[in-house]
Amino acid sequence: MEMMKATVFLGTNEIRVKEVELPRVGVGEALIRITLTTICGTDLHILRGEYPVRPGLIIGHEPVGVIEELGDGLTGYAIGDRVLVGAITPCGQCHACLSGNHSQCGHGAGYEALGGWRFGNTINGAQAEYLLVPNAQANLAKIPDELSDQQVVLLADIASTGFGGAESGKIKIGDSVAVFAQGPIGLCATAGAKLMGAGLIIGIDGDASRLEMAKRMGADIVLDYREVDVLAEVRKLTGGGADVSIEALGTQQTFENALRSLRPGGTLSSLGVYSGKIQMPYDAFAAGLGDHRIVTTLCPGGKERMRRLMEVVRHRRVDLTPLLTHTFSLDLITDAYKLFGERADGVIKVAIKP
Ligand SMILES: NC(=O)c1ccc[n+]([C@@H]2O[C@H](COP(=O)([O-])OP(=O)(O)OC[C@H]3O[C@@H](n4cnc5c(N)ncnc54)[C@H](O)[C@@H]3O)[C@@H](O)[C@H]2O)c1
Ligand SMILES: [Zn+2]
Ligand SMILES: [Zn+2]
């Protein structure tokens with residue numbers, strides 16, 4: 001039996017790099033040898049038991065690799081091709097996929113909320129030496145030769161999500177945009193707002209190094225929520241309220257601030273993962289008569305999304321490599337989880353090399 005190393009979730013606060021059986025490809029599947037991956041904030045929720053997955057699952061959902069084996073039924077790919085695979089792996093054939101809602105993929109049937117998110121959630125994930133890719137024809141995106149693994153790894157999840165928040169907000173050229181939280185997701189939403197042609201971009205966080213990075217990603221003005229009255233500042237800077245606000249944390253406070261910072265008719269684009277209840281104070285949305293729009297986005301995936309994001313990087317519209325602040329080997333991934341979880345040493349994202 002051939003074996004590989006993989007990061008296995010054993011139970012709350014317990015992950016370990018273990019030897020597990022190398023997966024075998026079935027029809028329509030591909031096996032890729034992982035060359036670079038990373039850890040997502042959502043993996044921290046899993047580790048802490050805040051998002052349930054089954055013990056024994058290999059976690060991680062941000063894969064870059066090389067095709068090692070191809071199952072029957074795939075065309076246009078060869079062993080050795082370098083590929084990026086999105087965190088979300090739609091089937092491409094269900095009602096959801098064919099209606100353009102790839103992230104809510106029903107796997108050959110109807111719709112399933114979050115159904116497109118399978119790696120490190122419902123099937124084995126990417127923090128391993130090898131990864132089995134389902135519906136590979138819909139999900140393997142070949143990486144142009146001139147792009148490095150480091151240049152594309154963040155496109156699998158945080159950039160697709162952050163840019164997706166800006167796209168869902170339907171930012172128009174010249175819009176004012178306030179982005180609440182400048183973690184990896186918020187930083188990519190800031191970069192996304194710039195790509196969409198926003199006029200003024202305001203980045204909000206309470207961490208000085210992240211606010212500094214926000215400027216690098218495209219924020220014109222940054223606000224430290226611990227030091228200033230953010231709502232008053234946003235209203236002043238935008239002349240009465242932002243056209244679009246992006247929520248990138250998942251708390252009542254940031255959701256409410258994002259809503260309250262809008263002008264009437266503005267759009268709140270929500271990216272955070274919430275727990276419990278979100279409250280909507282009636283005054284914050286003009287008792288329901290303020291023509292506000294509230295939209296949510298799960299990271300868009302699939303090979304066409306990845307191809308488009310790689311085009312953005314290839315033509316130098318955006319450079320995400322400054323966000324990769326640390327590198328670890330797969331063997332030391334538990335150290336990487338500790339650093340990332342504690343937000344120590346100015347970490348934003350960690351590169352993991354099997
Ligand atoms: N929608 C999706 O598809 C998707 C994908 C991945 C992650 N997420 C979610 O996005 C959220 C953000 O992820 P992340 O990895 O960037 O998180 P993170 O924890 O790394 O960063 C959060 C940031 O929020 C800042 N912050 C805390 N309180 C604040 C406040 N009151 N106002 C402004 N900023 C504040 C922190 O200083 C930190 O920089 C999480 O809920 C995560 O689960 C969503
Ligand atoms: Zn993620
Ligand atoms: Zn589908």
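Counting starts at 1 for both ligands and their atoms, in listed order.
Per-residue contacts place Leu298 under 4.0 angstrom from the following atoms of ligand 1 (heavy atoms of the residue considered): 3 (O). In summary, the atoms of ligand 1 found under 4.0 Å from a heavy atom of Asp157, numbered by their order in the structure, are 5 (C), 6 (C). Each of the following atoms of ligand 1 lies closer than 4.0 Å to a heavy atom of Thr42: 6 (C), 7 (C), 43 (O). In summary, the atoms of ligand 1 found under 4.0 Å from a heavy atom of Thr161, numbered by their order in the structure, are 1 (N), 2 (C), 3 (O), 4 (C), 5 (C). Atoms of ligand 1 lying under 4.0 Å from any heavy atom of Cys299, numbered from 1 in the order shown and given with element: 2 (C), 3 (O). Within ligand 1, counting atoms from 1 as listed, the ones closer than 4.0 Å to a heavy atom of Gln253 are 31 (N). Residue-ligand proximity, His45 to ligand 1, at heavy-atom distances under 4.0 Å covers atoms 43 (O). Close contacts between ligand 1 and Leu249 involve ligand atoms 11 (C), 22 (C), 24 (O), 26 (N), 27 (C), 28 (N), 29 (C), 35 (C), 40 (C), 41 (O) [criterion: under 4.0 Å to a heavy atom].
Counting non-hydrogen atoms of neighbouring residues, nucleotides and ligands closer than 6.0 angstrom, the CZ atom of Arg16 reaches no more than 12 such neighbours. Heavy-atom neighbours of Asp145 CG from other residues, nucleotides or ligands within 6.0 Å: at or below the threshold of 12.
For atom 18 (P) of ligand 1, the closest non-hydrogen atom of the protein is Arg210 NH1, 4.0 Å. Of all protein heavy atoms, the one closest to atom 33 (C) of ligand 1 is Tyr225 CD2, 3.5 Å. Given atom 25 (C) of ligand 1, the protein heavy atom at minimum distance is Asp205 OD2, 3.2 Å. Protein heavy atom closest to atom 15 (O) of ligand 1, with residue, atom name and distance, is Pro184 CD, 3.7 Å. Ranking the protein heavy atoms by distance from atom 9 (C) of ligand 1 puts Val273 CG2, 3.7 Å first. Ranking protein heavy atoms by distance to atom 34 (N) of ligand 1, first place goes to Ala181 CA, 3.5 Å.
Taking only nitrogen or oxygen atoms, main chain and side chain alike, Ala248 does not reach within less than 3.5 Å of ligand 1. In terms of polar-atom proximity, defined here as any N/O pair under 3.5 Å, Leu271 does make such a contact with ligand 1. Not a single N or O atom of Cys40, backbone or side chain, sits closer than 3.5 Å to an N or O atom of ligand 1. For a threshold of 3.5 Å applied to N or O pairs, the pair formed by Thr297 and ligand 1 contains at least one separation below that value.
Look at Lys170 and Asp175 and you find no salt bridge, because none of the NZ, NE, NH1 or NH2 atoms lies under 4.0 Å from a carboxylate O. The residues Glu304 and Arg308 are annotated as salt-bridged, a charged nitrogen and a carboxylate oxygen being separated by less than 4.0 angstrom. A salt bridge is defined here as a Lys NZ or Arg NE, NH1 or NH2 lying under 4.0 Å from an Asp or Glu carboxylate O, and Asp283 with Arg260 meets this definition. Using a cutoff of 4.0 Å between basic side-chain nitrogens and carboxylate oxygens, Glu69 and Arg24 are scored as salt-bridged.
Shortest non-hydrogen contact noted between Leu187 and Arg210 is CD2-O, 3.8 Å. Between Pro90 and Asn139 the shortest heavy-atom distance is O-ND2, 2.9 Å.
With atom 19 (O) of ligand 1 as the reference point, the heavy atom nearest to it among Lys349, Arg343, Glu62, Glu256 is part of Arg343. The closest non-hydrogen atom to atom 6 (C) of ligand 1, taken over Thr251, Leu187, Thr296, Ile185, comes from Ile185.
Among the atoms of Cys40, an N, O or S atom falls under 2.8 Å of the Zn ion (ligand 2). In summary, an N, O or S atom of Cys97 is located under 2.8 Å from the Zn ion (ligand 3). The distance from the Zn ion (ligand 3) to the nearest N/O/S atom of His107 is not under 2.8 Å. Checking His95 against the Zn ion (ligand 3), every N/O/S atom stays at or beyond the 2.8 Å cut-off.
Taking the Zn ion (ligand 3) as the corner point, the angle from Cys91 atom SG to Cys105 atom SG is about 100° (rounded to 10 degrees).
Side-chain atoms of Asn121 and His61 include no donor-acceptor pair closer than 3.5 Å. Side-chain polar atoms of Thr321 and Asp319 form a donor-acceptor pair below 3.5 angstrom.
Side chain of Thr297 to backbone of Leu271: no donor-acceptor contact under 3.5 angstrom is found. In this structure a side-chain-to-backbone donor-acceptor pair under 3.5 Å is missing from Thr238 to Ser176. Looking at His107, its side chain does come within 3.5 Å of a backbone N or O of Gly115 through a donor-acceptor pair. The backbone N or O of Gly250 sits less than 3.5 Å from a side-chain atom of Glu247, completing a donor-acceptor pair. Listed for the Asp207 side chain is a donor-acceptor partner under 3.5 Å among the backbone atoms of Ser209.
Distances from the Zn ion (ligand 2) to the N/O/S atoms of Asp157 are shortest for OD2.
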